[in-house]
Amino acid sequence: METTTPNAISAFQRDGYCVLPDVLTAGQVQRWRALLARHIDAAPPAPDRTGPYFLWPALAEDAELRMLYADSGIADALRPFVHANLDLPAPEVAQFAFTLPPHPHHPGAPHIDGLTPTEDDGRPGTFTALAGILLTDQRERDRGNLWVWPGTHLSTGAWLSEHGADALRDAVPYPPIELPKPVQVAGPAGSLVLVHYLLAHNIGGHFGTTADERRETVYFRLRADGHRARWREVVTDPLLEFITPNPEPRPVIRAGER
């Protein structure tokens, strides 16, 4: 795994996302792809289906998934971005994200995860960061790439600071802020994409043919220790859980009950 650079941390804080190359070895990528193949063989899409297809395996029910998650160092890759006293417990579920070509589509608008449905207690399903492992080469545009609207984690945080954190519950699919030009996230297989929870994002189309490789990405929603107890503070101060390359005085975050 490459050492996380201050430039990556700065890019994440400014843009709300960054791509870390070479986090996984070629062997790890192949083991992940074999696991996804077994899962999609067990729950295949309809024969004529194209576009996005998702599976949501629980880590508690899949020993191989737990092992691959631990061996891949996902939390270790995110840890340099967050305050040192915050643990990053393993997530409860993974998202296996496939895009089956052809799917000539460009998303018209972004969304925030966890707003529909909310958690059982009505709280938005907020988390610290989305971590995505690219298992297929996504250096070319329009191959199922994730789309992001850079900087919107900050403008959304400012909007929620003005309107109150609870306004997030009704801001479906995304708060009414001015959106910049979107960017397609690109990277080779084995890269890790880190995305701030509040960043506007959406899945893109796959403009290939049925002969082209489907897009495969595994996402984990990582929630720092104590996040649920302070979710209102986090969404109104988007960098609260994160270090800053040139830090100004910030409130001390205490780890609490998850």
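- One hydrophobic cluster, built from ILVMFWY side chains closer than 4.5 Å, cannot hold both L194 and L130; they sit in different ones.
- Note: F12 and H153 have tilted aromatic rings, judged against thresholds of 30 and 60 degrees for the angle between ring planes.
- Residues H201 and P110 have side chains not in contact (no heavy-atom distance under 4.5 Å, counting atoms from C-beta outward).
- A donor-acceptor contact shorter than 3.5 Å is absent between the side chain of N145 and the backbone of Q184.
- Between L35 and R33, every side-chain heavy-atom pair lies at or beyond the 4.5 Å cut-off.
- Looking only at side-chain heavy atoms (C-beta outward), H206 and P104 stay at 4.5 Å or farther from each other.
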query: How far apart are the C-alpha atoms of L198 and T152, what are their side-chain angles, what is the distance that settles it, and do they pass the side-chain contact (heavy atoms from CB on, under 4.5 Å) test?
result: CA-CA 7 Å; L198 287 178; T152 48; over 6 Å; no
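- Few gaps surround CD on E233; more than 12 heavy atoms of other groups in view lie less than 6.0 Å from it.
- Within the model, atoms OH of Y17 and CH2 of W149 stand 12.0 Å from one another, a figure rounded to the nearest 0.5 Å.
- In this structure, the separation between OG1 on T99 and CG on D212 is 12.5 Å, given to the nearest 0.5 Å.
- Side-chain contact annotation: T236 with E162, donor-acceptor N/O pair under 3.5 Å absent.
- A 4.5 Å side-chain heavy-atom check between L68 and V218 finds every atom pair outside the cut-off.
- L222 and L192 fall within a single hydrophobic cluster, where Ile, Leu, Val, Met, Phe, Trp and Tyr are joined by side-chain heavy atoms under 4.5 Å apart, directly or via other members.
- Here the side chain of S72 pairs no donor or acceptor atom with the backbone of I74 at under 3.5 angstrom.
- Environment of CG in D121: crowded, with over 12 heavy atoms of neighbouring residues, nucleotides or ligands closer than 6.0 Å.
- For D166 and R169, the salt-bridge test passes: some basic side-chain N is under 4.0 Å from an acidic carboxylate O.
- Using modelled atom types, no side-chain atom of T50 and backbone atom of P101 make a donor-acceptor pair closer than 3.5 Å.
- Closest heavy-atom contact between G157 and P238: CA-CG, 3.6 Å.
- Atom NE2 of H196 sits about 10.0 Å away from atom OG1 of T156, to the nearest 0.5 Å.
- Of the options L239, L240, L160, a side-chain contact (heavy atoms from CB on, under 4.5 Å) to V234 is made by L240 and by none of the others.
- No donor-acceptor pair closer than 3.5 Å links the side chain of R143 to the backbone N or O of D137.
- Of the inter-residue distances, the one linking H105 atom NE2 with D142 atom CG reads 11.0 Å to the nearest 0.5 angstrom.
- In terms of heavy atoms, P173 sits closest to L115 at O-CD1, 4.1 Å.
- The hydrophobic cluster containing F220 does not contain W56, counting ILVMFWY residues as joined when their side-chain heavy atoms lie under 4.5 angstrom apart, directly or transitively.
- The ring-ring contact (aromatic ring centres under 6.0 Å, His included) contacts involving residues 166-185 comprise nothing, where partners must be two or more places apart or lie in separate chains.
- Taking CZ of R221 as the start and CG of D113 as the end, the distance is 4.5 Å to the nearest 0.5 Å.
- Residues I40 and V29 share a hydrophobic cluster, clusters being chains of Ile/Leu/Val/Met/Phe/Trp/Tyr side chains in contact below 4.5 Å.
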query: Hey, mind stepping through L168 and I112 against side-chain contact (heavy atoms from CB on, under 4.5 Å) and telling me if it holds?
result: CA-CA 9 Å; L168 181 61; I112 293 180; 3.9 Å; yes
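- Nearest heavy atoms, P21 versus S191: CA-OG, 3.7 Å.
- Taken together through direct or relayed side-chain contacts under 4.5 Å among Ile, Leu, Val, Met, Phe, Trp and Tyr, L100 and F96 form part of one hydrophobic cluster.
- Residues H39 and P57 form a side-chain contact, since some pair of their non-hydrogen atoms from C-beta on lies under 4.5 Å apart.
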message: Determine whether V185 and V183 satisfy the following criterion, side-chain contact (heavy atoms from CB on, under 4.5 Å), listing intermediate values before the conclusion.
response: CA-CA 6 Å; V185 177; V183 171; 5.6 Å; no
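- Two rings, from Y197 and F127, have their centers less than 6.0 Å apart.
- For residues 123-135, the pairs satisfying side chain to side chain donor-acceptor pair (under 3.5 Å) are E119-R123, R123-T126, T126-H227, T128-E241, with sequence neighbours left out.
- Counting all heavy atoms, side chain and backbone alike, R14 lies closest to L154 at O-CD1, 4.0 Å.
- Taken to the nearest 0.5 Å, the CD1 atom of I203 stands 9.0 Å off from the NE2 atom of H111.
- You'll find the side chain of F98 stays beyond 4.5 Å of the side chain of P52, heavy atoms only.
- Closest of all the heavy-atom pairs between S155 and I177 is OG-CD1, 3.2 Å.
- The side-chain heavy atoms of P102 and T210, taken from C-beta on, include a pair separated by under 4.5 Å.
- Ionic pairing of E64 and R66 is not present here: no N-O contact between side-chain nitrogen and carboxylate oxygen is shorter than 4.0 angstrom.
- In terms of heavy atoms, G204 sits closest to P107 at CA-CD, 4.1 Å.
- You'll find the side chain of L88 reaches within 4.5 Å of the side chain of L78, heavy atoms only.
- The side-chain contact (heavy atoms from CB on, under 4.5 Å) with I133 is formed by just one residue from the set Y69, W32, Y219; it is W32.
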